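The model shown is predicted, which means the values in this text are computed figures rather than measured ones.
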Amino acid sequence: CVRSGDGFFEHHGQDEYFRTVFKNNLCIGGPGKGRQGRYSSGMGQAVSLAGYNSTCEFDYNGVGTFQTPFRGLIGDQTFTDLEGLRRLTGGSHSVQVDMGVFAAAVEFPEPVYPEREPADLRLKPGSAAVDAAVLIPNVNDNYTGKGPDLGAYELGQPPPHYGPRPPGMDEETAWKEKSR
């Protein structure tokens, strides 16, 4: 997620949520102070989780900011560096990232409108997000490096196809292609 406003953002205000696990995400926030629909986009923090509490888990995430200071909110506590984030969440494996984590030049979406073409968010080899995720069986167990990567795409693998299938392609055809 690369977004105007808070990068890793949960918008339910001060309401607590319980036993919520946040892992393997890659989020970058930046200049915001606007609205997206009926919700505020936030101030451009790396993380804003006002409802976080001791029953939640936040670890193995890559978070950062673009043109705003690295800072955030966990529960009712603020942090201004990676160590502060780790201290407040109890997770020691999260990493700080920036726009340089991507292989392609990615335009930051500010202002939010007009709409843009989807950005190429595949990772740059050697970036902080490569091999930084935790294994989640049946989700990211086909990783290609020393471990799974943060974010939506594994380094070296093509991005998945979204939208309508090409003519002649259905679930059975796709399965036969993979098993060859």
Side-chain angles (χ1 to χ4, degrees), residues 1-3 5-10 17-30 42 44-49 51-66 68-75 77 79-109 118-163 171 174-180:
C1 168
V2 177
R3 66 183 296 269
D6 298 333
F8 200 118
F9 181 54
E10 188 284 318
Y17 37 88
F18 299 90
R19 293 171 291 285
T20 306
V21 177
F22 304 99
K23 289 188 177 181
N24 295 357
N25 299 286
L26 180 61
C27 300
I28 300 175
Q45 300 180 110
V47 178
S48 181
L49 297 174
Y52 191 95
N53 62 51
S54 62
T55 69
C56 299
E57 191 176 343
F58 186 97
D59 202 5
Y60 294 95
N61 293 296
V63 296
T65 56
F66 174 77
T68 58
F70 183 85
R71 64 175 187 237
L73 176 72
I74 301 293
Q77 302 290 309
F79 65 87
T80 57
D81 58 23
L82 182 61
E83 290 309 312
L85 170 67
R86 289 175 172 175
R87 180 178 43 78
L88 291 174
T89 61
S92 61
H93 302 97
S94 290
V95 295
Q96 186 173 343
V97 297
D98 60 24
M99 297 295 283
V101 75
F102 304 113
V106 175
E107 177 186 354
F108 191 81
D120 182 351
L121 299 180
R122 289 179 285 177
L123 300 175
K124 180 190 304 181
S127 71
V130 173
D131 298 336
V134 66
L135 178 66
I136 300 175
N138 298 319
V139 173
N140 63 356
D141 46 9
N142 64 340
Y143 59 89
T144 59
K146 294 178 184 176
D149 299 334
L150 295 177
Y153 308 120
E154 181 68 21
L155 183 67
Q157 293 184 0
H161 173 77
Y162 296 104
E171 292 87 355
W175 182 80
K176 287 178 183 177
E177 290 292 321
K178 283 185 176 183
S179 64
R180 287 185 188 185

Quiz item: Shortest non-hydrogen contact from S94 to L85?
Solution: CB-CD2, 4.4 Å
Self-check item: Closest heavy-atom pair and its distance - F18, T55
Solution: CA-OG1, 3.3 Å
Exercise. Please report the C-alpha distance between L150 and N25 in whole Å, then the side-chain angles of each, then the deciding distance to 0.1 Å, and finally whether the side chain to side chain contact (heavy atoms under 4.5 Å, CB included) criterion is met.
Key: CA-CA 6 Å; L150 295 177; N25 299 286; over 6 Å; no
Quiz prompt | Where A133 and N140 come nearest, the two heavy atoms and their spacing | solution = CB-ND2, 4.3 Å
Quiz item: Can you find a heavy atom in the side chain of V2 that is under 4.5 Å from one in the side chain of M99?
Solution: yes
Practice problem: Find out whether V21 and F58 are in side-chain contact, i.e. whether some heavy atom of one side chain is under 4.5 Å from a heavy atom of the other. | Solution: no
Practice problem: Under the side chain to side chain contact (heavy atoms under 4.5 Å, CB included) rule, what do L123 and V101 come out as? Steps first, then yes or no, please. | Solution: CA-CA 6 Å; L123 300 175; V101 75; 4.1 Å; yes
Quiz item: Rounded to the nearest 0.5 Å, how far apart are OG of S54 and CZ of R19?
Solution: 10.5 Å
Quiz item: At their closest point, which heavy atom of Y17 faces which heavy atom of L49, and how far apart are they?
Solution: OH-CB, 3.3 Å
Quiz item: So, D6 side chain and G44 main chain: donor-acceptor pair closer than 3.5 Å or not?
Solution: yes
Quiz item: Atom NZ of K124 and atom CG of L155: how far apart are they, to the nearest 0.5 Å?
Solution: 12.0 Å
Practice problem: Provide the closest heavy-atom pair for V97 versus L26 in the form atom of the first, atom of the second, distance. | Solution: CG2-CD1, 3.7 Å
Quiz item: Can you find a pair of side-chain heavy atoms, one from T144 and one from Q157, that are under 4.5 Å apart?
Solution: yes
Practice problem: Enter the distance from C27:SG to Q45:CD here, rounded to the nearest 0.5 Å. | Solution: 13.5 Å
Quiz item: Looking only at heavy atoms, which two atoms of A128 and Q96 are closest? And how far apart?
Solution: CB-O, 4.1 Å
Quiz item: Distance from E107 atom CD to D120 atom CG, nearest 0.5 Å?
Solution: 13.5 Å
Quiz item: Is there side-chain contact between F70 and D98, with heavy atoms separated by less than 4.5 Å?
Solution: no
Quiz item: Using 30° and 60° as the class limits, which term best fits the ring planes of F108 and F66: parallel, tilted or perpendicular?
Solution: parallel
Quiz item: Aromatic ring centroids of F22 and Y60 under 6.0 Å?
Solution: no
Quiz item: Any side-chain heavy atom of Y52 within less than 4.5 Å of one from E10?
Solution: no
Quiz prompt | 4.5 Å side-chain heavy-atom contact, D59 and T89 | solution = no
Quiz item: Less than 4.5 Å apart, any side-chain heavy atom of L121 and any of V106?
Solution: yes
Quiz item: Say you draw a straight line from CG of D141 to CD of E154; how long is it, rounded to the nearest 0.5 Å?
Solution: 10.5 Å
Practice problem: Drop me the distance from R87's CZ to I74's CD1, to the nearest 0.5 angstrom. | Solution: 10.5 Å
Quiz item: Would you say the side chain of D149 lies within less than 4.5 Å of the side chain of D131, judging by non-hydrogen atoms?
Solution: yes
